[in-house]
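Here is the structure we will look at.
Both counts, for ligands and for their atoms, begin at 1 and track the order of listing.
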Amino acid sequence: MASSIKISPSILSSNFSKLGEEIKALEKAGADYIHVDVMDGHFVPNLTIGPDVIKQIRPFSDKIFDVHLMISPVDKYIEQFANAGADIITFHPEATKNTAETIKLIRKFKKKVGISLKPKSEISLIRDYLDKIDLVLIMSVEPGFGGQKFMPEVLPKLKELKKIIEKEKYNVDLEIDGGINFQNSKSAKEAGANILVSGSTIFKENSGDLKKNIDLLRKS
Ligand code: DX5
Ligand code: ZN
């Protein structure tokens with residue numbers, strides 16, 4: 001039976017000087033999604049890429065662009081990311097004055113909607129929107145940088161969300177993001193994640209053998 005686990009490599013750990021080739025290599029290595037971390041140096045203390053870069057890397061792969069917006073304010077940029085080729089647009093509820101409005105805005109551009117919870121953010125922040133979105137991104141590190149240590153204290157929150165989604169029969173994916181490696185991926189899946197984001201493990205382990213690392217994360 002095909003594994004229902006999806007792997008979404010984060011390009012934050014890739015070589016930005018050859019982003020297009022890196023994305024092509026990820027697709028060839030079996031990535032299900034491409035996780036694009038957008039940071040504005042305001043919502044998080046780091047700066048990465050914007051919609052123009054996404055537009056330029058879009059032609060390098062047909063894979064789903066799983067765009068994680070760590071920016072605030074967020075509403076005024078949704079259209080640009082949608083037009084640049086994002087397929088899933090995930091935002092942080094702390095980055096908007098009105099979560100329902102941001103969801104509607106992403107829907108207006110016919111994109112899938114994700115909401116992200118930082119490690120200390122509670123389910124109550126998003127409970128009322130679970131019937132309106134496609135994905136919850138559970139951060140297992142404080143957003144801002146790759147290569148941080150996994151925070152297992154987020155697993156009970158993931159289990160709780162899984163229980164709610166199953167009970168209410170919501171059609172919502174659970175994505176975990178931050179510090180995922182071969183040692184903790186099993187507990188992340190057992191807690192309910194069906195999409196694993198990984199940057200440093202995929203790009204750095206086994207001398208950067210992307211296919212081996214993606215396969216290992218999917219199977220471990
Ligand atoms: C952190 C980002 C994560 C991060 C994952 O703010 O949202 O996607 O790049 O990278 P690793 O797997 O190295 O923690
Ligand atoms: Zn991310």
Side-chain angles (χ1 to χ4, degrees), residues 5-16 19 22-23 26 29 31-50 53-54 57 63-72 74 77 81 86-95 112-121 133-155 157-158 173-189 193-206 208-210 212-218 220:
I5 297 293
K6 290 189 175 65
I7 305 296
S8 184
S10 162
I11 58 170
L12 188 63
S13 303
S14 69
N15 178 343
F16 273 28
L19 216 34
E22 295 273 79
I23 284 171
L26 285 171
D32 297 290
Y33 293 175
I34 305 288
H35 188 79
V36 182
D37 284 311
V38 177
M39 301 178 185
D40 64 357
H42 171 239
F43 185 72
V44 291
N46 193 4
L47 259 175
T48 58
I49 62 174
V53 174
I54 292 178
I57 58 178
K63 286 292 170 187
I64 285 177
F65 275 17
D66 168 31
V67 177
H68 178 192
L69 297 182
M70 288 160 275
I71 65 174
S72 72
V74 61
Y77 296 104
F81 282 103
D87 296 293
I88 303 171
I89 297 179
T90 296
F91 67 97
H92 283 258
E94 299 91 341
K112 284 195 175 277
V113 181
I115 299 189
S116 181
L117 285 179
K118 295 196 280 191
K120 295 185 180 65
S121 299
I133 62 174
D134 303 290
L135 176 143
V136 176
L137 196 166
I138 299 282
M139 294 292 308
S140 32
V141 295
E142 279 305 324
F145 298 92
Q148 299 180 78
K149 202 169 160 339
F150 179 75
M151 297 167 69
E153 56 269 38
V154 306
L155 292 178
K157 179 166 51 173
L158 181 52
D173 283 327
L174 286 172
E175 181 172 284
I176 190 160
D177 181 7
I180 293 292
N181 59 33
F182 305 133
Q183 289 71 43
N184 59 40
S185 52
K186 190 163 184 287
S187 54
K189 292 175 209 169
N194 66 300
I195 304 171
L196 304 184
V197 173
S198 164
S200 34
T201 295
I202 288 177
F203 280 95
K204 297 193 172 44
E205 292 300 321
N206 297 303
D209 183 334
L210 300 178
K212 183 170 183 174
N213 293 335
I214 289 173
D215 288 345
L216 278 172
L217 279 179
R218 207 194 302 278
S220 58

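If you check which protein heavy atom lies closest to atom 9 (O) of ligand 1, you get D37 OD2, 3.0 Å. D177 OD1, 2.8 Å is the protein heavy atom nearest to atom 3 (C) of ligand 1. Among all protein heavy atoms, the one lying closest to atom 14 (O) of ligand 1 is G179 N, 2.8 Å. For atom 1 (C) of ligand 1, the nearest protein heavy atom (residue, atom name, distance) is F145 O, 3.6 Å.
The side-chain heavy atoms of D173 and I88, taken from C-beta on, include no pair separated by under 4.5 Å. Put simply, the side chain of S10 does not reach to within 4.5 Å of the side chain of F203, judged on heavy atoms. Using a 4.5 Å cut-off on side-chain heavy atoms (C-beta onward), D32 and I195 make no contact. For the pair K6/I64, no side-chain contact is recorded, criterion being any heavy-atom separation below 4.5 Å from C-beta on. Side-chain contact between E22 and I11: absent, with no pair of heavy atoms (C-beta onward) separated by less than 4.5 Å.
Between G144 and ligand 1, an N or O atom pair is found at a separation short of 3.5 Å. At a 3.5 angstrom cut-off on N or O pairs, G199 counts as close to ligand 1. Note: no N/O pair closer than 3.5 Å links S198 and ligand 1 by distance alone. Annotation: S200 places an N or O atom under 3.5 Å from an N or O atom of ligand 1; distance criterion only. Residue-to-ligand polar distances place G147 within reach of ligand 1: an N/O pair is separated by less than 3.5 Å. Looking at Q148 next to ligand 1, no N or O pair under 3.5 Å apart turns up.
Within the model, atoms CG of N181 and CD1 of I202 stand 11.5 Å from one another, a figure rounded to the nearest 0.5 Å.
Distances from ligand 1 to the non-hydrogen atoms of F150 include no value under 4.0 Å.
For H68, the N, O or S atom closest to the Zn ion (ligand 2) goes by the atom name ND1. Atom OD2 is the N, O or S atom of D177 at the shortest distance from the Zn ion (ligand 2).
The environment of K63 atom NZ is dense: over 12 non-hydrogen atoms of other residues, nucleotides or ligands sit within 6.0 angstrom. For F43, the CZ atom is densely surrounded, since the number of other residues' heavy atoms within 6.0 Å is greater than 12. Atom NZ of K186 has 12 or fewer heavy atoms from other residues, nucleotides or ligands within 6.0 Å.
Between the side chain of N184 and the main chain of S187, no donor-acceptor pair closer than 3.5 Å is present.
Of all the atoms in ligand 1, the ones that sit under 4.0 Å from a non-hydrogen atom of H68 are 7 (O). Counting atoms of ligand 1 from 1 in the listed order, those under 4.0 Å from a heavy atom of M39 are 6 (O). Close approach of ligand 1 to V197 is summarised as follows: ligand atoms under 4.0 Å from at least one heavy atom of the residue are 8 (O). Under a 4.0 Å criterion applied to the non-hydrogen atoms of G178, ligand 1 contributes the atoms 14 (O). Distances below 4.0 Å separate heavy atoms of M70 from the following atoms of ligand 1: 6 (O), 7 (O). In the vicinity of L12, heavy-atom distances shorter than 4.0 Å reach the ligand 1 atoms 9 (O). Set against the non-hydrogen atoms of H35, the atoms of ligand 1 under 4.0 Å away are 8 (O). Taking every heavy atom of P143 and a limit of under 4.0 angstrom, the matching atoms of ligand 1 come to 6 (O).
Between the NE2 atom of H35 and the OD1 atom of D37, the angle centred on the Zn ion (ligand 2) amounts to 90° when rounded to 10°.
Of all non-hydrogen atoms in G144 and M39, the two that sit nearest each other are O-SD, 3.1 Å.
The aromatic rings of H68 and H92 lie parallel to each other, with less than 30° between the two planes, well short of the 60° mark.
Taking the ring axis of F182 as reference, the NZ or CZ atom of K212 does not stay both within 45° of it and closer than 6.0 Å to the ring centre.
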